[in-house]
Q: 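Structure incoming, see below.
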There are 2 protein chains.
Amino acid sequence: MPSVTVENYLKRILLLSAGNGGLVSMGALAEALAVVPGTVTTMVKALAADGLVVHAPRRGVRLTAAGRRLALGVLRRHRLVETFLVNVLKMDWGAVNAEAEQLEHAISDAVLDRLDALLGHPSVDPHGDPIPGRQGQLPSQVYATLATCGLARALRVVRVTDQSMEFLQFAEKHGLRPGAAVRVTDRHLASGLVTLRRPGGRPLTLSLVAAGRILVEPER
Amino acid sequence: MPSVTVENYLKRILLLSAGNGGLVSMGALAEALAVVPGTVTTMVKALAADGLVVHAPRRGVRLTAAGRRLALGVLRRHRLVETFLVNVLKMDWGAVNAEAEQLEHAISDAVLDRLDALLGHPSVDPHGDPIPGRQGQLPSQVYATLATCGLARALRVVRVTDQSMEFLQFAEKHGLRPGAAVRVTDRHLASGLVTLRRPGGRPLTLSLVAAGRILVEPER
DNA sequence: GAATACATTTTGACTAGTCAAAACAAACGG
DNA sequence: CCGTTTGTTTTGACTAGTCAAAATGTATTC
Ligand SMILES: [Mn+2]
Ligand SMILES: [Mn+2]
Ligand SMILES: [Mn+2]
Ligand SMILES: [Mn+2]
């Protein structure tokens with residue numbers, strides 16, 4: 001019963017509220033939703049009137065419990081759909097975000113439950129993004145990134161936090177998907193470069209910014 | 001790029017234009033779309049301005065080639081989605097129409113092609129409704145119905161042309177799905193009753209109207 | 001502590017889609 | 001034929017969502 005627009009706003013607020021204390025600025029929201037800031041102000045006031053968000057004027061917006069519940073539902077649909085598209089339909093993991101952006105609004109609970117069962121109740125999507133549970137549980141473990149981890153340690157990629165097709169295709173090409181073994185051989189702050197090595201692969205150099213988008217955990 | 005509303009209008013016009021010479025009345029369209037007739041008149045004028053339909057005022061509306069092309073695309077998505085929901089997700093064939101009504105607007109060509117391949121390029125959906133081809137080919141074979149076929153002949157159900165959950169569950173319960181063997185043992189026009197027999201099943205009586213919703217062909 | 005810069009909010013306008021109710025045209029029935 | 005019924009169109013109003021541009025508030029800088 002919430003509109004596609006409302007679902008997109010709520011999901012986006014949820015995703016952006018990770019960084020700050022849950023407060024999302026109008027500007028960041030406008031940018032992410034590709035609308036003009038004035039539009040966001042207007043919509044956020046409407047969402048606040050519906051009890052889905054709290055609007056602190058000139059400071060930002062945060063989800064209420066009800067808003068968060070809805071947002072997690074959308075996110076669950078999004079990530080289960082992505083998992084389906086990759087695992088069952090064998091689509092490219094760089095393409096599925098755009099597809100799921102539409103499908104997340106068209107999947108009923110009945111279909112979602114069947115999909116979830118078909119996929120074996122996965123806990124993460126193809127990018128390693130955690131899939132919220134049916135009751136909205138969202139495990140939020142903190143991981144190191146290739147920009148912050150220790151040097152020379154045996155690591156495993158757990159998540160790639162960049163939805164852009166270019167980055168994902170680049171990562172895929174170099175075997176940097178969740179589960180892949182990797183170790184950082186060198187990190188040079190002045191030049192902003194990180195060098196990695198994958199077992200049986202050529203050394204790979206990328207920027208600190210890019211490295212920061214790849215989350216890792218110590219091997220076993 | 002056509003909106004959900006436009007897609008629904010075009011698909012509905014296509015489905016309703018079967019009966020007449022392609023001309024659909026405003027009233028029938030309004031009824032089917034669950035909007036008021038004035039709304040349909042307004043929308044149809046907008047569709048005509050976009051070259052998707054031809055509006056003959058006070059006579060009706062018909063699809064242009066462009067409109068028909070779009071409508072067939074929506075119908076293809078609808079019926080492939082229904083097939084997926086029944087064949088892969090094992091959903092009830094009475095429930096899938098409502099689900100597909102939403103999903104038909106959210107499926108991209110890329111996803112549709114994969115789905116089509118996964119399903120083995122089916123030519124009909126779970127109700128026996130023909131699935132338009134990628135280039136919009138729509139086989140329109142004419143079938144007899146249980147209300148019009150010959151008596152005592154060995155028949156096979158090919159299609160059930162009623163989307164309502166009640167009818168479909170009723171049909172399912174009595175084994176009347178596409179492929180099922182059946183023969184009409186008696187037809188009584190005065191009372192409007194048709195009696196059938198399925199091999200290994202009890203005799204079943206239904207109204208002429210209901211019988212007319214079940215299309216059949218001669219056994220082999 | 002002003003002056004300036006930047007983000008946010010407000011205002012006014014626009015589009016898509018809808019309804020209620022009045023006006024209208026065509027068909028029908030006596 | 002002429003009045004009545006029926007379906008269609010028109011009119012006016014409303015909601016959701018959006019943008020452009022002006023107004024406003026808060027931070028930053030000197
Ligand atoms: Mn979306
Ligand atoms: Mn993802
Ligand atoms: Mn639909
Ligand atoms: Mn069907």
Side-chain angles (χ1 to χ4, degrees), chain A residues 1-13 16-17 19-63 66-67 70-71 74 101-102 104-106, chain B residues 1-13 16-17 19-63 66-67 70-71 74 101-102 104-106:
Chain A
M1 138 183 36
S3 68
V4 167
T5 303
V6 167
E7 290 193 337
N8 281 331
Y9 272 74
L10 294 177
K11 190 191 68 173
R12 197 51 61 182
I13 293 169
L16 291 175
S17 63
N20 212 355
L23 259 194
V24 178
S25 75
M26 299 296 114
L29 198 45
E31 165 82 16
L33 290 167
V35 295
V36 112
T39 300
V40 169
T41 300
T42 307
M43 271 300 295
V44 160
K45 286 203 292 189
L47 294 175
D50 286 353
L52 298 174
V53 303
V54 175
H55 182 204
R58 307 221 170 239
R59 309 217 27 260
V61 61
R62 94 174 56 241
L63 293 173
L70 283 178
V74 182
E101 199 57 54
Q102 305 305 314
E104 66 190 2
H105 312 292
Chain B
M1 148 176 23
S3 69
V4 168
T5 303
V6 166
E7 289 192 339
N8 281 332
Y9 272 74
L10 294 177
K11 188 189 71 172
R12 197 52 60 182
I13 294 169
L16 291 175
S17 63
N20 211 355
L23 258 193
V24 178
S25 76
M26 300 296 114
L29 198 45
E31 165 83 17
L33 291 167
V35 295
V36 112
T39 300
V40 170
T41 300
T42 307
M43 271 300 295
V44 160
K45 286 203 291 188
L47 294 175
D50 286 353
L52 299 173
V53 303
V54 175
H55 182 205
R58 305 219 173 243
R59 310 224 19 263
V61 62
R62 96 174 55 242
L63 294 173
L70 283 177
V74 181
E101 199 57 54
Q102 306 305 314
E104 66 189 1
H105 311 291

Q: Measuring only between side-chain heavy atoms, which start at C-beta, is B:His105 closer than 4.5 Å to B:Asn8?
A: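 A side-chain contact under 4.5 Å exists here.
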Q: A:Lys45 has an atom NZ; how far is it from atom P of D:dG17, in whole Å?
A: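 Taking atom P of D:dG17 as the reference, NZ of A:Lys45 is at 15 Å.
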Q: Spell out, as yes or no, whether a donor-acceptor pair under 3.5 Å connects the side chain of A:Arg62 to the backbone of A:Gly21.
A: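 Pair found, side chain donor or acceptor close to backbone of A:Gly21.
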Q: Would you say that A:Pro2 contacts A:Leu70 through its side chain, given a criterion of any heavy-atom pair below 4.5 Å between the two side chains?
A: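 A side-chain contact under 4.5 Å exists here.
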Q: Return no unless some side-chain N or O of B:His55 is found under 4.0 Å from OP1 or OP2 of D:dT8.
A: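 Checking B:His55 against D:dT8: no side-chain N or O falls below 4.0 Å of OP1 or OP2.
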Q: Taking only side-chain nitrogens and oxygens of B:Thr39, does any of them come within less than 4.0 Å of OP1 or OP2 of C:dG17?
A: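 So the side chain of B:Thr39 is outside the cut-off, no N or O lying under 4.0 Å from OP1 or OP2 of C:dG17.
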Q: Quickly work out the A:Leu23 CG to D:dT26 P distance and round it to whole Å.
A: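 About 15 Å, once rounded to whole Å.
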Q: Atom CE of B:Met26 to atom P of D:dT10: distance rounded to whole Å?
A: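 About 11 Å, once rounded to whole Å.
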Q: If I take atom CG in residue B:Asp50 and atom C1' in nucleotide C:dA16, what distance separates them, rounded to the nearest angstrom?
A: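 Nearest whole value for this atom pair: 12 Å.
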Q: If you look at every strand shown and take non-hydrogen atoms under 4.0 Å, does A:Thr41 touch a base, only sugar-phosphate, or nothing?
A: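 Answer is base: heavy atoms of A:Thr41 come under 4.0 Å of a base.
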Q: For A:Arg58 and for A:Val4, find the nucleotide of DNA chain D with the closest heavy atom, then tell me which residue's nucleotide is more 5'.
A: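 Whichever sits nearer the 5' end wins; that is A:Val4.
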Q: Answer with base, sugar-phosphate or nothing: what part of the nucleic acid does A:Gly27 contact at a heavy-atom distance below 4.0 Å?
A: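 Sugar-phosphate: the residue A:Gly27, judged by heavy atoms under 4.0 Å, touches backbone atoms but no base.
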Q: Please determine whether a side-chain nitrogen or oxygen atom of B:Thr42 lies at a distance below 4.0 Å from atom OP1 or OP2 of D:dT10.
A: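 Checking B:Thr42 against D:dT10: no side-chain N or O falls below 4.0 Å of OP1 or OP2.
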Q: For B:Thr5 and C:dG17, is the shortest distance between a side-chain N/O and OP1 or OP2 below 4.0 Å?
A: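 Answer is yes, contact under 4.0 Å.
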Q: In this structure, how many angstroms lie between the C1' atom of C:dT8 and the CE atom of A:Met43, rounded?
A: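 That distance rounds to 17 Å.
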Q: Just how far, in rounded Å, is P of D:dG17 from NE2 of A:His105?
A: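 So the two atoms are 12 Å apart, to the nearest Å.
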Q: To the nearest Å, give me how far apart CG (B:Leu33) and P (D:dT8) are.
A: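 B:Leu33 atom CG is separated from D:dT8 atom P by 14 Å.
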Q: Using a 4.5 Å cut-off on heavy atoms from C-beta on, say whether the side chain of B:Val44 contacts that of B:Leu29.
A: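 A side-chain contact under 4.5 Å exists here.
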Q: Please tell me if B:Tyr9 has a side-chain N or O lying less than 4.0 Å from either OP1 or OP2 of C:dT18.
A: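 So the side chain of B:Tyr9 is within the cut-off, an N or O lying under 4.0 Å from OP1 or OP2 of C:dT18.
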Q: How close or far is atom C1' of D:dC19 from atom CD of A:Glu31, stated in whole angstroms?
A: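 Nearest whole value for this atom pair: 16 Å.
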Q: For the residue pair B:His55 and B:Met26, establish whether any side-chain heavy-atom pair is separated by less than 4.5 Å.
A: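 Yes - at least one pair of side-chain heavy atoms lies under 4.5 Å apart.
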